[in-house]
Every structure is written in structure tokens, then in C-alpha cells.
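Naming: A, B, ... by sequence-line order, numbering from 1 per chain. All heavy atoms count here, side chains included; hydrogens, waters and symmetry mates do not.
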Amino acid sequence: MHLDAGALTDFARGCAVLGSGGGGAVAATYAVAEYAIEECGPVRVVSPATLDADALVMPLSTLGTSAVAAERIGGRGEPARLRDYVERVHGRPVAAVMSGEIGGLNGCLAVAWAARLGLPLLDADSMGRAFPRMDQNVLELAGVRPGPAVLADERGRTLVVDRVDGVHYELLARAAVDVLGGRAIASDYPLTAGQAAAHAVQGTVTQAVCIGRRLAETVDGSSGTHSAATPTGPAGPRGPGAPPMSPAHQARSDAASRLPVSRLTAKVSSVQRMTHADGGGTIEVLLEGIDTDTGRLVLVEARSEFVVALEDGRPLALVPDVIALVDVATGEPVPAEEVRYGLRVRLLTLPSAPVWYTPEGLRLAGPEAFGLHGLGAVPHQGSAAGNPSAGTPGAAA
Amino acid sequence: MIIGVDVGPTNTDAVLLDDTHSGALGHDVSRRVLASVKVPTLPDDAVGSLVAAVSALPTAPRAAVSRIAVGLRVAARAVAERRGLARVGVLRIGGEAADAVRPLFGWPAELREAVCAGYANVPGGTGLDPHGEEPLDRAAVARFAAGLAGRAEAFAVTGVFSPADGSQEREAAEILRAEAGPDIPVLISGEIGSLGLIERERATVLDAALSLVAARITDDLTAALPRLGLAPGAAVLVTRHDGTLMSLDRLRRQPGPSLGSGPACAIRGAGLLAGVRDAVVADIGGRQARVGVLTGGYPREAGGGTASGARLPDLLTVDLAAPHPEGRTRSTDVHPASRTSVMSPGTPDAYALGSDTPGTYPLEYSYQPGTRVTRTLGPGTSSTPETVGTGNPGAHPAPSTRPLGPDAHRALAEAADRMQPAAERLPLLLVGGGADAIPDRVLAGFDVVRPEHGAVAGAFGAAASPVGGHYERIVRPGAGRAARLDAVRAEVRELARASAVRAGADPRRVRTELDPDLSVPYLPGAVLLRARAVGPPLPL
């Protein structure tokens, strides 16, 4: 598959959904990726398994804040400088780029850098969604070490962090980014293509494109709010400009079959923001069903990302499930920070990668890790393993 | 006496206001309306429309008019139609650390070609901390100016982190003026928007591109003044998108704030007429209804402070005329600098949404010679309101005779609900020439208020508003935090005062107000400090 400017639009929207309300504002890196593709051509997206198993893969993430990333947009020379540093540290060439976090702004960052470097982009990433902490990724679960991690800002100020575990790395990197003024790009959890094939979340670039295309289809020319529930699926009709995807490719990317399910159409009837003693914040959004969902009440709670949607005290979806609110009028996913009273939204949910539902995955990034206790079973837990309704939007509504 | 004028897309409204009690306008404010008129807007002739409206006001008190405040909406049309735009030299200060997106990338090619005389990205840029700063390459700025000599009609300067430290932008502006001449307009982004380099740069370029339009309208207005028969030396002011006013001189130097000023004045005027400082306001026009929010007496801004490039009213526009089967509420941030989509932060065509220009623009204007001049005389000149005119006597003309369908009604009610800050409902002020066409039952559940003279709320808002200015800066004080913050607060307050004085306020009577400190999301220790300043215009 090649990711061109047309597919990039769908991809970016899909990344916003997979951000589960967080992961940083997609707009900050979308323009960067669009410009990189215009100057350097479309990006080749490959499955990790197609590369030499020993080939070096460079994962990429933005550290810092959206507000600063929107100001310090970075430079065209930045990717090559960081790549050269990574190659010096490892003593061998980088063969491919991978997003460290498909949800939010880091999806488009990896596309932009792959274009600038002329390298393929892996159809995979380290989270399959967005999480607030750098060590909340599936490579950590697989025992891949964070170091040697290379961090650099857009002026080339560079740090190498090594011989640390995930928690220690998070602390060191955050402190460094603070001193660097709130923005740096990191290539951490370096790995081989073989490790990426074995441990990364597979197919997430394709998945994001599929999700974004679905959103576009359900809004363009839409006469109402409910056509959104029309299932088309990854094998369904595709608009012009869609990337060519072979059936074999689709079969390979199991993430591409994980598509959002529309759970509710609602009006935001209250938004409460709370700041905790530890500096973190919670946003509680009360959704009041409208149209055919009139009478339903769903509470959605965000801690950086949306982490739980509760109806009648029971979770409709619970982290690590992806939970997204999509503006009915525009089809755009709404970041948790920007939800406000009166907005008409659809509540979408989809399961994360299966590994997040294992005991180790739940310990690292499950409900308890977000301070959510005693919520019982995770509704999506079995769905990724073959629940037929998982890929059929509307089926669970 | 003060005259306020609102040159709308369909009608031009004017009000004559008694300002003999110079204190704050109180609850009896509507009694100060001595007269109001509504005349059809002349196509492509904002100043002509203004003259027609003012001429329709009663003659006698006009010589006592000391101030006229005008909402023109000319700038928005210029952008929407790509007419009369200046060729802009686009300068970015950031160099290789900020070239991941080319200036004006993502704009429609024809707009880019119409506006861009050339661009350069020179080394430099500031930061939150001193070690974030790179020295400005002064020679590169001079070379850029020299290279565009005779081609650029204005310059737009955007430096990385200028909302925190604008010193390099000002330095570059001086170099540009030294090279290209002292009269060339140079717009600097730190005075126009907040964090978000690309959006702020776009807003600054458009601002610069409007220089010629602003100069022309200023000249036309000045030339038309003698025809209005006002008192000698009467102050002439134009409206801004924050609900305040600025002088013609300020408009010439920085035209951007006039964008979105029509809705802003209607929102503010509605609040003054109803005697409330917090409300949702629906301004019903002939083809569109605009729903905004009045907060503390001024329009709520779009984008929540740091997200958008400029300080525009937060609006939802409901298309009342389009034959769509569904509600057509759409989010209109009315400015290319504000976010309209996850991916495209502010396309230039977002401007069209703020300019009363539906998709089929240019549309018919409801100009029907000899009709529909209505005049309402208030208590200042007559004990009972008196209406004269050749058409539709007894009321201001409704801009549209088309009955509105249930879909438009539903969309309007939804928009009014969406703009509420929370479930406890604020009053809904219904104003504008088309307000009478909206029956109460459409807005069941709302506390609907139809203020007296609401049909001319925009013109009233212009007449009753002060000259304004503002300033904001992002700081990360670090060590010695409290003392440093206090010093910066004082400076921000002073710069807001200076901004109001530059806009034409009387320096002796400017009041400043510091907003509560805002934290910058995800930027620990950083604070957004903002101050607003208002005052009466400086008498000439």
C-alpha cells in the first residue's frame, strides 16, 4: 500500500479516533505529513514480516504538548539528523520507520518522517491506540528495552538515554522535554523488523485509513445522523483516492478488521472537569441520548484519553477499549479537552489489540492503571478474538 | 449624540443614540435610542449604504453628533471574493527548525497566488526560556525585503513563539520598513494570534492582504463624511470582532479585527438592549441566523483562548434559506486562523461563513429603490414612536418574506442549545431584522427575550461600544515565580492600555482589566496572561 495525500486525510481522521479522545491534536502533524508527501512522494506502507528480520526499525513519537508542537512545527532536516544519530548509536542503517503511537498526532508524524527519509513505514505501531505514558506500549510488555533511546529537539539538541527500565525512562524523558521547552522527538524502544512482526500491534496504519474512510463516508452528503451506522467494512466500497489494498493484505492486518461500533447518538448534557492532587485531570461527560436513543444516559470519563463509558452503572466500554466521540455535524472526532455542552455526538467504541486484555496488559494500561476499580468484566474483552459483531458498526447499538 | 451603523448583507441599519448622560448605559438604555432606520444595502457600496442610512435619520440632531461607529463587513467580502487584496511578502522567523510546513501550504492555489508576493524563512525564533532563543538573521531579513522591492504591498511577519516574546518580530518589522519604506504595512503575528505557528501565520498574512481594502474604505469613508452633516470633528470609528471599536487609522494599520465584527456588535448590542451581561444571542437575518454568546458583556471568543489564531466571536450559523431536508447547523469560526477541521486548521474559505456570503455568493441583494425606508422616532423627539416610509409601514422590513420551515426552526433551536455554556439556560436574546419571523413556540424551553430595538441590535452595539484594546502573553516564570508574574502582569496591563490608545481611545479614560491567569494545557509552569482595555474615543 502507498499512503498518498488522499489516503492521508482518512488516515489522520482514523488516528484521531484511535487516540480515544487524546494523543495530541492531529492537525499539528497532519500538515507536516501532507507537505512531506508533496515534496517527497507517497509513503510505502509494509508489513514488518516482509522485511529482513534483522533490519533495524526506528520507532518515532513526539514528546511534549500539543500547544508547543503546534508552535514548534519542526524542520525538514530533523528526520535525517535523528536517523543519523540512531544509526551511529546502533552501528547499522535504519531500514524502516514505525509510529510509536498510532492514536493522535504521532501517526502523521511517522508518515511525514518516512516520506522525508525515503523509508518504508511499518503497518504497525507500539500501542494500537494512544496512552498517556511512554512505557504504556506493547513492546514494554514483550520485554523490549526503552534504550538506547535518542531524543532530539528541532534544533538538534540531542540526548541518548540507555540502561533504564520503562518507568525510569518515562521520568527521565519527561524531565528532558521540560528543559527542552516542551517538545522533542524520540526514537525509543528500538527494535528489529522481526521483533516488530512478533510484538508490535499489526495492521494499524491500514486500520486508521479504514476508520477514517468510514467516517468520511458517513458524513459526506449525509442527510442525518444515523446513516453512520451503515456498515461498509474494510472490504466495502471505497472512495476515489483510496489506497490500493490487496485481499491478501487485508487478511494479514487483523487490526483492520477492528472497526468502531456506534453505541449511541447523544447530546452532551454536562461536562465536568476536575484536577487531582497529583496534577492529573479528569473530565466527566454526560451524554443524553437523542433521536432513537432518547432516554438513554451514558457517562464518559477521560483521563488524558477517554477511559470508560458507563450506562446504568455498567461499562459500555472500558480501557483498553478505544472510546471516541464524533461530532455529528462534521464527522470529526472530538478531543476530550474540547468536548462541551450541547455538542451532538456519536459514541464510538472499538477493542484494542488483544495483548492489552492479557493480565500483563491490563496491569500496565487497564482500568486499575487509571484508578478505575471494581467495574467488572471488560465488555470488549473477547470480541477481538472473533466476536462477529465487532466489525459491524451498529450491531451493538 | 452617537450614530451607530451596521452595513449588513441585506439591510443597513442606523441608530441615533443620546449620550448626554455619559456614565454607563443602564437598564433604561433603549430609551436613549432617539431614532433607528433600516435601508436596503447597496450592492458593492458599503459607504453609499452608510450614507443612505444616516441620511434617513432625522436631520435636526445630526449636527450634534460627536461620534459615528460603523460596522462595514467589507474585509470579509474582499477575502471571499479575492478582490482588492494586497500582495504580501511573507516572512517567517524560525529557519531550519521551523520549515516542516511551507508558508501558506494548504491554501487554495488561486488565493496563494493572489496574495503571496514571495516568502522567506530566516534563522531566528524565540522560546519560553532564554535558551530557546536563536539570534535573528538580520541580513536575511534585509535581503528578503530588497528582493521584493516594488512587488510586495505589505509584509506579514511570523516568528516562532512570538506570543511569548515578540522582540524578534518587532526587530524584523523595523528592518522591513527601513528597506521598503516607512509607509508599507507590516503586520506582526504576536499582535494577531496565539500559539499555533501555521494558523497565526495565515491570519497575519490575510490581515496584511486586507491593507489595500482597508486603506480604500478609510479614504472613501473620510471623503463621505462631509455629506453626513455631522458636527465638525466628529470621531469616526469602525467595529472590531471583539465587540469594541477602533479608529480609521487603526483599521488602516490592522484591518483583520474588522472581520467578524458584524456579529460581534449584534451580540453586544443585544445584551445592552436587554440589560444583561450573559446570554445566548440569535441574530436573525434574511438568509442566515447567527447564534453567539455574550459573556460579561462581550462576545465569547471561539477557540477557547490558545487554540485559535485570533480572537473571533464563537458562532454557529444556521442557514435559513437552503432547501436541505435536515438541520444545517455548522460550526463557523469565521476565520481562516481558527480550526474548522481536525486536519485543516482554518481554510481561507471559512471567511465566507463570516461574511454573510452563502455558497452561491454573490447573491441578490434586496435593493428595491424607493421602498422600505422605515423610521422609528424614540422618546427623545416624540412621545410615541412614529413610523414613516413607503413600504411595510409599522415595522422594520423583514429581510425575507419566505416562511421558514420546521427544519430551519429545529436547526435554530439546536444551535441555541449548543451555544449554552451549560444546562442551566441563559436567556436567549432574539434580535435582527428577521427575528419577528421566528415564533416563540419554535424556541420552547428557552427564556426568549426580544429586546426593544432588537431589529437594529448591530447598529446599536456599534453606537454603544467603547474603543478597545487587548494584550496577551505566555510566560513560564520559573524561579522567583511570584515576583516575576507580578511584573509581567503589570506589563501586560500597560500594553493592553497602549493597544486601546493606538485604537483611538482617550488615554486619560482607559480602564484596564486583567483576566484570571490561564494555564497552558500540558505546559507545566506556563501561564497565559491577558488584559483587556476599553475607553471612550479621543475627541478630535
Side-chain angles (χ1 to χ4, degrees), chain A residues 8-9 12-13 15-16 24-32 34-36 38-39 64-68 70-78 108 112 116 153-156 178-182 222-225 267-271 279 327 329-330 332-335 337-338 340-344, chain B residues 94-102 105-106 121 125 127-129 131-132 134 160-164 194-200 304 306-307 316 324-331 339-346 414-423 474 476 520-526:
Chain A
L8 182 69
T9 312
R13 255 196 209 97
C15 289
V26 174
T29 50
Y30 172 76
V32 173
E34 195 184 12
Y35 185 42
E38 186 188 273
E39 287 204 326
T65 79
S66 284
V68 176
E71 184 67 26
R72 293 164 62 184
I73 61 172
R76 291 181 294 176
E78 204 179 352
C108 283
R116 293 272 170 216
D153 76 1
E154 72 277 20
R155 299 198 193 278
D178 193 44
V179 176
L180 290 171
S222 160
S223 61
T225 57
K267 175 185 127 176
V268 175
S269 66
S270 86
V271 181
D327 186 330
T330 64
E332 302 285 358
V334 186
E337 301 279 337
E338 292 175 21
R340 66 181 199 198
Y341 173 84
L343 208 61
R344 267 61 173 176
Chain B
E96 286 183 355
D99 68 355
V101 181
R102 188 180 67 216
F105 180 72
N121 180 0
L128 277 176
D129 308 303
H131 47 253
E134 287 283 309
V160 171
F161 258 112
S162 64
S194 192
L195 285 188
L197 184 82
I198 293 170
E199 298 172 38
R200 194 172 70 250
T306 56
L316 283 174
H324 287 187
E326 279 290 328
R328 297 138 306 231
T329 326
R330 70 190 161 186
S331 174
R339 183 179 306 168
T340 52
S341 147
V342 164
M343 269 80 62
S344 56
E414 183 181 316
D417 181 43
R418 276 186 61 171
M419 294 309 274
Q420 296 277 352
I474 292 163
R476 194 158 72 160
V520 181
Y522 301 114
L523 201 55

Contacting moiety of S269(A), where chain B heavy atoms sit under 4.5 Å: backbone
Contact leader toward chain B among G74(A), A70(A), G342(A), where contacts are heavy-atom pairs under 4.5 Å: G74(A)
E338(A) side-chain N/O to P335(A) backbone N/O, donor-acceptor pair under 3.5 Å: no
R200(B) and E71(A) ion-paired at < 4.0 Å: yes
T29(A) side-chain N/O to V32(A) backbone N/O, donor-acceptor pair under 3.5 Å: no
Interface residue of largest heavy-atom contact number with chain A, from A422(B), A423(B), G132(B), under 4.5 Å: A422(B)
Part of E38(A) lying under 4.5 Å from any heavy atom of chain B: side chain
Check: E134(B) main-chain N/O paired with R155(A) side-chain donor or acceptor under 3.5 Å: no
